[in-house]
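This report concerns only the one structure given below.
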Amino acid sequence: MLKLLKYLKKYWLFAVIAPLFMCGEVFMDLQQPRLMSIIVDEGVLGLSNQGVGNLNLIITTGAKMILFVGIGGICGILSGVFANRCSQNFGNDIRKDAFRQIMSFSFEQTDRFSTGSLITRVTNDITQLQNFIMQCIRGFVRTFVLFFGGIFSMLLLDLNFGIVVVCALPFIIFMVVFFISKANPMFGILQKKLDSVNNVIQENVSGSRVVKAYVKEEYEKERFQTANNALINTQLQILILLSYMTPLMNIVLNISIVAIIKVGAVEVQAGAATPGNVMAAITYLSQILNALMRMTMIFQTASRGIASGQRIQEVLDCVPAIQSGTYTKEKEETGSTIEFKNVSFSYPESNGQFVLDQINLTIHSGETLGILGATGCGKSSLVNLIPRFYDATKGQVLIDGIDVKEYDLTFLRDKIAVALQKSEIFSTTIKENIQWGNRSASEEEIKTAAHIAQAAEFIEKKQEGMDTLIAEKGMSLSGGQKQRLAISRAILKKANILIFDDTTSALDLKTEAKLYQELEKEYHGITKIIIAQRIASVKNADRIAVLEHGKIAACDTHKNLLTYSEIYRDIYESQLKTGGNSDE
């Protein structure tokens, strides 16, 4: 938590000025009871003028009170302005750094935190931390200055009034410490419950079509209700616990006021105090005890802020699992050679069970390699090691003879274009979605990429063409249209290595064939890796690697594999029988 205070350094001036103005506001508040005492004793009762009141004194003293209120108000406004500038900028800087850190996470780390939790941390947790900083700059200052200033002012009136404060304070402090210590551990639990709610919302919004297709609305409503009830129940436990505190403190406050009146009455009868002094003492006591009551809310905000700060610090302290190397050189115009040397890989949560086992494979520059295999055999895991979405558990992955771990991460991924089966489409125009592949691409290059990907035809049919806005998650497009936009984006990048991870699964065979023909014609020299379920998608590749249980069972041309690979032949014959392309 203390590490986060470094973000205040840039705004130290605001962090200093805001409390000073707050002290000015509190000082003006502390003058009011004393001035009211003068009005009562001298202006109304005329104690020093044989019982004759003084209207001029009432007016002038009243004018002072109004002036002090005005000055205090201005100080309060300025304190709020500077405190907000400080806390908002503080939160803004942390939010940007937290998001930047999340963007550097590997898939493994994102999965470990969960999407919902990361959203909560970047939004709600940072808001709680901003509120905590605001309370530190304004609330704590106001409370402590008012508390100690009120005690000092009471003692100036009469030392006997201090006895009442001394008697009341232990009860107040005990209640604050007791209730806050009970509530404090629950704030961390509360934020985790909020994570769960956000996870359910995120999953249902992004997967709304599946929910509706399976008529699972009621099930998901119950799931959300369960998560939300857990959140509300935790919140209620905290609020109920803290709700006991206010009435108890009010009891102490009222008893203390009665005690002040009693002590004051004795003092007035003895001539040691005046009625105005008693009124001022009651007001000061109210200020002191109200400051303590306000402190409970401040401690509540502080507890939430500290809990949230710890969660944010977890994100900022998390060292990215994928560390960038330093190797860079001028980008080649042609493809790159990829080599897998004794590569084995297991996912962090798989308890050491290898998804890939002793893979040895070389993909030559400019070669097109097809990868085929049953679901779960490790096809996507294999290509994910090339751009370092994950790192190999054992062995080496090399590009142009250099271990991928030695590459500068940005440079490495700039050499590779990836199009996935699940196409990520953003809620912006078609043109901007394609342009993600190359922000500096010309209109002609964008159109060419769309033409190669067989996307030009459906784009031209749109009323606004390339400027057509796409709904969130590409909901306004079909599966095939989304895949073709994703392919256009990858093609436009003009990378040395092009990876299609089952990217054409939603395309018909005719469209897919045209795509590969155009791609081979325009980008003959780049290295292409095509993962597919259909033999028709890869049969024209230079070689086809067949994966089985995380191992390469065979790697050869389509024709040769039909001759000697039983696994490949079985796949071919099963697809032939179910209406697959039988053209050898």
Side-chain angles (χ1 to χ4, degrees), residues 1 3-4 94-123 125-126 191-192 195 198-199 202-203 308-328 336 338-359 361 376 378-400 402-422 424 495 497 499 501 529 531 550:
M1 177 63 191
K3 294 179 183 178
L4 296 176
I94 293 180
R95 188 172 283 110
K96 287 188 289 190
D97 276 4
F99 183 76
R100 192 179 297 114
Q101 180 78 342
I102 290 167
M103 288 295 97
S104 72
F105 283 174
S106 65
F107 292 170
E108 166 197 343
Q109 290 169 305
T110 303
D111 294 341
R112 179 162 57 83
F113 278 103
S114 85
T115 304
S117 178
L118 290 173
I119 291 171
T120 304
R121 292 172 197 242
V122 174
T123 54
D125 279 319
I126 291 179
Q191 294 305 102
K192 289 180 181 178
D195 287 347
N198 281 338
N199 272 327
Q202 188 264 336
E203 289 171 357
S308 293
Q310 290 169 345
R311 284 161 53 85
I312 296 163
Q313 195 65 59
E314 282 179 16
V315 173
L316 295 174
D317 285 345
C318 189
V319 178
I322 306 295
Q323 291 292 323
S324 178
T326 57
Y327 179 80
T328 61
S336 293
I338 305 166
E339 188 175 0
F340 294 87
K341 282 187 175 181
N342 300 315
V343 169
S344 297
F345 173 70
S346 63
Y347 287 100
E349 66 277 8
S350 65
N351 297 321
Q353 185 178 355
F354 287 118
V355 178
L356 299 171
D357 189 15
Q358 292 295 307
I359 298 291
L361 175 67
K379 302 186 296 294
S380 295
S381 300
L382 183 68
V383 296
N384 280 341
L385 301 179
I386 300 171
R388 294 190 69 197
F389 292 154
Y390 295 92
D391 275 337
T393 308
K394 295 180 180 178
Q396 287 181 299
V397 180
L398 300 98
I399 295 180
D400 295 328
I402 306 296
D403 193 318
V404 290
K405 294 180 182 179
E406 296 181 23
Y407 276 94
D408 174 83
L409 206 52
T410 301
F411 178 78
L412 171 67
R413 290 175 180 171
D414 195 43
K415 289 169 65 71
I416 304 164
V418 182
L420 305 172
Q421 180 183 12
K422 185 179 182 299
E424 293 296 339
I497 300 167
I499 299 172
D501 187 357
I529 301 174
I531 294 176

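Just so you know, these numbers come straight off a predicted model, no measurement behind them. Sequence positions, counted from 1, serve as the residue numbers for this chain.
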Do [X] and [Y] make a side-chain contact, defined as non-hydrogen atoms from C-beta onward lying under 4.5 Å apart?
X	Y	answer
Arg121	Ile102	no
Ile386	Phe340	yes
Val418	Val383	no
Phe113	Arg311	no
Phe105	Val315	yes
Gln358	Ser344	yes
Ile529	Leu382	no

To the nearest 0.5 Å, what is the distance between [atom1] ([X]) and [atom2] ([Y])?
X	Y	atom1	atom2	answer
Ser380	Leu420	OG	CG	8.0 Å
Lys415	Thr328	NZ	OG1	11.0 Å
Arg95	Phe99	CZ	CZ	12.0 Å
Leu4	Asp97	CG	CG	10.0 Å
Glu339	Asp400	CD	CG	11.0 Å
Leu356	Lys394	CG	NZ	13.0 Å

Using every non-hydrogen atom in the two residues, find where [X] and [Y] come nearest and quote the distance to one decimal.
X	Y	result
Gly378	Val355	CA-CG1, 3.9 Å
Ala98	Val122	CB-CG2, 4.4 Å
Ile322	Ser106	CG1-CB, 3.7 Å
Arg112	Cys318	NH2-SG, 3.4 Å
Ala392	Phe345	CA-CD1, 4.3 Å

Taking the inter-plane angle between the rings of Tyr407 and Phe411 on a 0 to 90° scale, is it parallel (under 30°), tilted (30 to 60°) or perpendicular (over 60°)? parallel

Keeping the roles fixed (side chain from [X], backbone from [Y]), state whether a donor-acceptor pair exists under 3.5 Å.
X	Y	value
Arg388	Gln323	yes
Thr393	Ser346	yes
Glu406	Leu398	no
Ser308	Ile126	no

Would you say Ser104 and Arg100 are linked by a side-chain donor-acceptor pair, where the criterion is simply a distance under 3.5 Å? no

Any carboxylate oxygen within less than 4.0 angstrom of a Lys/Arg side-chain nitrogen, looking at Lys192 and Asp195?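 No, no charged N to carboxylate O under 4.0 Å.
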
